[in-house]
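Take a look at the structure below.
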Number of protein chains: 2
Amino acid sequence: MSRTSSRTSGPPPTLADVAERAGVSRQTVSNAVNNPDLLRADTLLRVQQAIADLGYLPNRAARNLRTRASHLIGLRIQAAQEGTANATMDRFVHSLVETSREAGYHVLLFTGDPTDPLSGYEDLLRSTAVDAFVVTDTYLGNPQAEWLDGRRAPFVAFGRPWENSEATHAWVDVDGAAGCESATRHLLAKGHERIAWIGWRKDSRIGEDRRAGWHRAMKEAGLPTSGLASRVEDTVASGREASEVLLDEAAPTAFVCASDTLAMGVLHTLGLRGLRVGDDVAVVGFDDSQVAQVVRPGLSSVRQPLEDVAIEVVTALEGLLGRPRVAQQGVLLTPSLVVRDSSGPDRS
Amino acid sequence: MSRTSSRTSGPPPTLADVAERAGVSRQTVSNAVNNPDLLRADTLLRVQQAIADLGYLPNRAARNLRTRASHLIGLRIQAAQEGTANATMDRFVHSLVETSREAGYHVLLFTGDPTDPLSGYEDLLRSTAVDAFVVTDTYLGNPQAEWLDGRRAPFVAFGRPWENSEATHAWVDVDGAAGCESATRHLLAKGHERIAWIGWRKDSRIGEDRRAGWHRAMKEAGLPTSGLASRVEDTVASGREASEVLLDEAAPTAFVCASDTLAMGVLHTLGLRGLRVGDDVAVVGFDDSQVAQVVRPGLSSVRQPLEDVAIEVVTALEGLLGRPRVAQQGVLLTPSLVVRDSSGPDRS
DNA sequence: GTGAAAGCGCTAACAC
DNA sequence: GTGTTAGCGCTTTCAC
């Protein structure tokens, strides 16, 4: 017994096949599929029965050609960095695929020359292979935004237009500052006063944003920050080295890091010095990566609401592609803090 | 200055536009694109110039409709398991996208009801949205293979047809047994004699395959295996518990694990007991996950050659879709061992 | 509410 | 070698 009533093979049925079987014209079948309310109830039923009998599904290519839409969303992906804890993209991709499907879109993946943020987009656009893009690699700055805007290509960015506050395109982002602020407050509440920051180099807008959250929380608590911050590359080794220097020179009792990768570096340092993670020095990372979840002791981490990001992205996309066009500007979502043992106990 | 000589917007140029500009017929332009050798050199040049001037790229929908091909490969993805170290799919997806592009294909992602291995495939197939599938979730057994075969749907499986050795479809897999055998040999060479196995439950064919590699290496070395193996769920907690029991009851000096997730559980146990990873007890995982790369001490791990898997998959796909049809049966690739500190020093 | 005609942009088949 | 004809399967007019 087959899962559907369609034939097991042979050429797929067309609109004409359904029309013949239902004894109506092709147009009526098309309406039954796309504008059911136009049909009389009994005709509709007859057509739907024929559709079910035949296992008919509209041919995508034909529909795409006619409607000038592919119902495909392009997403450029990059190789996951080896030696890094970051798997944000993976989680986002899955959420995006899921959410897109509900909106009638599929996700088409492509890659491009890593040194050229624009490569790959143009061909897909010109060949009308995709209806829109989701642009994620905005940490490079996003020349894509400007370029796509110029091409009148619909797109939604996951990431704010840092450089260009007049940008009018739709975007969704996660409030990294709020995340790090809450991580810092969490440590303050536990009684820490010397909380260090390890983040990315100054040209990273995302890094500076996250750092601002730490800085804000410290200032609000009336605590000093000077000498407590370090800016390095996003590698475990950098995190280790930065934490060594900070421990020697500023004796912090806790670290907030711009990434789980950096936080892992801190854990290394603590291990090497025989300091107990959590009990002696607390650590909070960013991204709630698999590493944070699996390492011992568990690493507290700021978790981006990527499922919600995907939902907002698709909503914006629908606005962009739908009729009437509904413009959405920017959406900023707040991450949550996942508390694990690296936060340590409350300090007396 | 624009990146191409095409107009910045307006409706994209069609074959007819190019034909007019080059002073040839539409068909000649089509040939210039698809069968350049059919044209006289000077005509070809003229057409190519017109194509470049206009920034012409064939409309995908039209081409797809005419050729009955979408040049899209469907790949069903699942949510990454939280609390697990596994990111194999992520790496594979990227390699597949990259390799597919070189072969003229794009990857279309879709999801399906996790409890139904078939869901999602049918609609894409019937609507001719994809030319073929890459089937990865074969650990469920793969009813997809049989089903797709019945539909005459082209597909390549990443994963052997464990249950059905008469299956004739194309597949690519990684030799887990060979990987675990080499991991075990590596530990034997360091002087270990009591090497334990922690793997998955018996109904996992992949798990049993990997276990066989450990078993084979032990037998070849003339060492006993009884009491040294454990089969559990793929979670960190299970790995921790299994290693506790094994340490108590069989006193192994090394562990080979079916996954990095399980290996992390072993590391937890060693930490809790004050045993030094590597020095006191060696551990090898499987997958070379980010966790293995980032944890301290580094976790030795068997790494699947996913880039090569992708290449073989695409090769098989090209055989399936190309003319003439070139059937490829099965390809088994050998993983490599990435040695890190958890292997420990040679033992006297 | 339903049907007939036209055409989206492309390429396979054939004529010249 | 190049041009002409036809049609892939669908949806958007516009009659009826």
Side-chain angles (χ1 to χ4, degrees), chain A residues 6 10-48 50-51 54-71 104 123-131 323, chain B residues 10-48 50-51 54-71 104 123-129 131 323:
Chain A
S6 75
T14 73
L15 211 56
D17 298 329
V18 177
E20 188 182 2
R21 184 178 185 104
V24 296
S25 76
R26 284 165 28 202
Q27 182 47 38
T28 302
V29 179
S30 175
N31 283 335
V33 174
N34 300 310
N35 305 85
D37 8 330
L38 287 181
L39 300 208
R40 219 172 37 215
D42 61 326
T43 318
L44 181 58
L45 217 65
R46 220 167 62 246
V47 175
Q48 284 173 334
I51 288 176
L54 262 29
Y56 168 77
L57 229 55
N59 177 302
R60 293 285 276 248
R63 173 177 275 183
N64 292 350
L65 175 58
R66 189 60 239 230
T67 60
R68 301 174 169 286
S70 65
H71 287 271
D123 287 1
L124 287 171
L125 195 55
R126 291 225 316 271
S127 63
T128 63
V130 300
D131 291 347
R323 313 216 112 279
Chain B
T14 74
L15 210 58
D17 297 330
V18 178
E20 188 183 3
R21 184 175 185 109
V24 297
S25 77
R26 282 163 28 198
Q27 183 53 36
T28 301
V29 179
S30 174
N31 283 337
V33 174
N34 300 310
N35 305 85
D37 7 330
L38 288 181
L39 300 207
R40 216 172 40 217
D42 62 326
T43 319
L44 181 58
L45 217 66
R46 219 167 64 246
V47 174
Q48 285 174 333
I51 288 176
L54 261 27
Y56 168 77
L57 228 55
N59 178 303
R60 292 285 275 250
R63 172 177 277 181
N64 293 349
L65 176 58
R66 189 61 239 231
T67 60
R68 300 172 169 287
S70 65
H71 287 272
D123 286 2
L124 287 171
L125 196 54
R126 291 226 313 274
S127 63
T128 64
D131 291 347
R323 314 217 109 280

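As a basis for the values below, the full set of heavy atoms in this structure was taken, side chains included, without hydrogen atoms, waters or symmetry mates. Chain letters run A, B, ... following the sequence lines, proteins first and then strands; every chain starts at 1. All figures in this text were calculated on a predicted structure; none of them were measured in a lab.
Per the geometry, CG belonging to B:N31 stands 14 Å off P belonging to D:dT4, to the nearest Å. Per the geometry, CG belonging to B:L45 stands 17 Å off C1' belonging to D:dT2, to the nearest Å. Whole-Å rounding puts the A:L65 CG to C:dC8 C1' distance at 4 Å. Across the protein-nucleic acid pair, A:Q27 atom CD and D:dC14 atom C1' stand 11 Å apart, rounded to whole Å. The nearest whole Å value for the distance from the CZ atom in B:R26 to the P atom in D:dT5 is 11 Å. Per the geometry, CG belonging to A:L54 stands 14 Å off P belonging to D:dG9, to the nearest Å. Between the C1' atom of D:dC10 and the NE2 atom of A:H71 lies a distance of 12 Å, rounded to the nearest Å. Rounded to whole angstrom, the span from the CG atom of B:L44 across to the P atom of D:dT2 amounts to 9 Å.
The two atoms that bring B:L57 and A:R126 nearest to each other are CD1-NH2, 3.7 Å, heavy atoms only. Minimum heavy-atom separation, A:P12 to B:T128: CG-CG2, 4.3 Å. Taking all atoms of both residues into account, the shortest heavy-atom contact from B:L44 to B:P36 is CD2-O, 4.0 Å. A:A32 approaches A:L39 most closely through the heavy-atom pair CB-CD1, 3.7 Å.
Residues B:T67 and B:S25 each lie close to DNA chain D; by heavy-atom proximity, the contact nearer the 5' end of the strand is made by B:S25. Along DNA chain D, the nucleotide nearest B:R66 and the nucleotide nearest B:V24 are compared for position; the residue whose nucleotide lies closer to the 5' end is B:V24.
The number of heavy-atom neighbours closer than 6.0 Å to CD of A:Q48, taken from other residues, nucleotides and ligands shown, is above 12.
Within the 4.0 angstrom heavy-atom criterion, base atoms lie near B:L15. Within 4.0 Å (heavy atoms only), A:N34 reaches sugar-phosphate atoms of the nucleic acid but no base atom.
Between D:dG1 and B:T28, no contact under 4.0 Å exists linking OP1 or OP2 to a side-chain N or O. Look at A:R68 and you'll find a side-chain N or O under 4.0 angstrom from OP1 or OP2 of C:dG9. Distances shown here put a side-chain N or O of A:R40 below 4.0 Å from the OP1 or OP2 atom of C:dT2. Remark: A:S30 is in phosphate contact with D:dT11, judged by side-chain N or O atoms under 4.0 Å from OP1 or OP2.
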